[in-house]
Amino acid sequence: MISEFQEALLDTVGACPPTQIANNKYENVLENLDSGIMLFDSDGVLSFINVQMAKLLELPRSSLAGRNLMQILHLPELSRFKKKILRIYKETIFHRKRYHELIDEYGRHWLMTVTYGDQMDGDFLFSVKDVSDYKQIEQTAYQNDKLAMLGRISASIAHEIRNPLTAIRGFIQLLRPHLMELGRDEYARIILTEIDRANDIIYEFLNSSKPSAPQKTAVSVMGLLKEVVMLTESEALMKGCQIALDENNELMKVSIDVKQIKQVILNMIKNAMDAIESISGEREGCIDIHTVLEGSYVHICIEDNGLGMDHNTLSRLFDPFFTTKESGTGLGLAVSYRIIKNHGGFIHVDSKHGMGTQFKITLPVV
Ligand SMILES: Nc1ncnc2c1ncn2[C@@H]1O[C@H](COP(=O)(O)OP(=O)(O)OP(=O)(O)O)[C@@H](O)[C@H]1O
Ligand SMILES: [Mg+2]
């Protein structure tokens, strides 16, 4: 029996029976999901693929439907995915893995879920979802955890070292008159200066590994950049690279902790010099620094034509203690990341291995 409502519906959509309308509706939903979906039957033949999945594979659906997995694997347009597809196939069939994480050439993270079993009548359903934003949140949390731990460790080390240093300092001062009598006051002076230097190093380390709340003042971005460039120019010259500062947006001001932001930019310029030094001779090294005003934000771009980074380095760049340098601490960028976050800004990185790198620090303008 067809109800009045269904009859009216049939009149408006043509002569489709109700089950077909429902099927069309569900198919429409599947077609327009923001996840990519692919269904293979028990013979491995692709029986359904939605628009999003075809978009991800960058192929028209007509060239895929009705083909089996082997035929799909041999499509020249999919050759770049071949290794990944084979890996997923092996892990699904032999290891019964149902979740796979993939990273594409643009660094985006994808989660592929495979559903099969009795309820699927022998079919295999693959769905792919872009999870880059979740990954970003996860990474930030991980980063913050590590930095907090680093802060605690360094605070306790500093505490342990400072105490004996204070005791040594006190006793040297007590001994000073006797050393003076012996004509050795110079020794006492040297010991005291060295102890003070050690204390300063610990203080600096503590400050940099666990940046305090920024003490903000409004300063000109260009003024600050000029100062930092001046500080690094002689080292750059020695390492065979040129620093080019594009002096525009002279009046633009940011409210920052000058010491902390200087530390960030200095570290980035030093990293750029190192990246250039490691390809020395290949091409003339150049570090280009410029600013771009966008709405209420300013981007400070530091670009080098050095070694660049591979995917592994890029993904661990802000991890504390991650370094590819023999004498690096791997703290520079981890600390920079935290400082910029504390200023309500963010850091964006673009890099091509063998070509160069661009760091973009974004800060709110006054
Ligand atoms: N401009 C760049 N070009 C190429 N690689 C870079 C660049 N900046 C950073 N890196 C990579 O990121 C890693 C981490 O950098 P980070 O500044 O945190 O530590 P580091 O420079 O190794 O040590 P430190 O800063 O203590 O001297 C570097 O070891 C390097 O591999
Ligand atoms: Mg560094």
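The basis for the numbers below is simple: all heavy atoms, side chains too, and nothing from hydrogens, waters or symmetry mates. Order of listing sets the numbers, starting from 1, for every ligand and every atom in it.
Considering only non-hydrogen protein atoms, atom 22 (O) of ligand 1 sits nearest to T323 OG1, 2.5 Å. Among all non-hydrogen protein atoms, the one lying nearest atom 27 (O) of ligand 1 is G328 CA, 4.0 Å. Nearest protein heavy-atom contact of atom 18 (O) of ligand 1 is L333 N, 2.8 Å. Closest to atom 1 (N) of ligand 1, if we only count protein heavy atoms, is D304 OD2, 2.9 Å. Summary of contacts: the protein heavy atom closest to atom 21 (O) of ligand 1 is K325 NZ, 2.6 Å. Looking at atom 11 (C) of ligand 1, its nearest protein heavy atom turns out to be L317 CD1, 3.8 Å. Closest protein heavy atom to atom 9 (C) of ligand 1: N271 ND2, 3.5 Å. At the shortest separation from atom 14 (C) of ligand 1 among protein heavy atoms lies F322 O, 3.4 Å.
Look at G306 and you'll find every heavy atom at least 4.0 Å from all atoms of ligand 1.
Ligand 1 places these atoms under 4.0 Å from at least one heavy atom of N267: 17 (O), 25 (O).
Counting heavy atoms closer than 4.0 Å to ligand 1, residue T313 contributes side-chain atoms (C-beta onward) but none from N, CA, C or O.
Which of E303, M273, M309 comes nearest to atom 5 (N) of ligand 1 through a heavy atom is settled by distance: it is M309.
In this structure, F94 and Y89 have perpendicular ring planes: the angle between them is above 60°, well past the 30° mark.
Between G330 and ligand 1, at least one N/O pair is under 3.5 Å apart.
A cation-pi arrangement is not found for R96 relative to Y116, the charged atom failing to lie both closer than 6.0 Å to the ring centre and inside a 45° cone about the ring normal.
The distance from the CD atom of Q260 to the CG atom of N342 is 7.0 Å, given to the nearest 0.5 Å.
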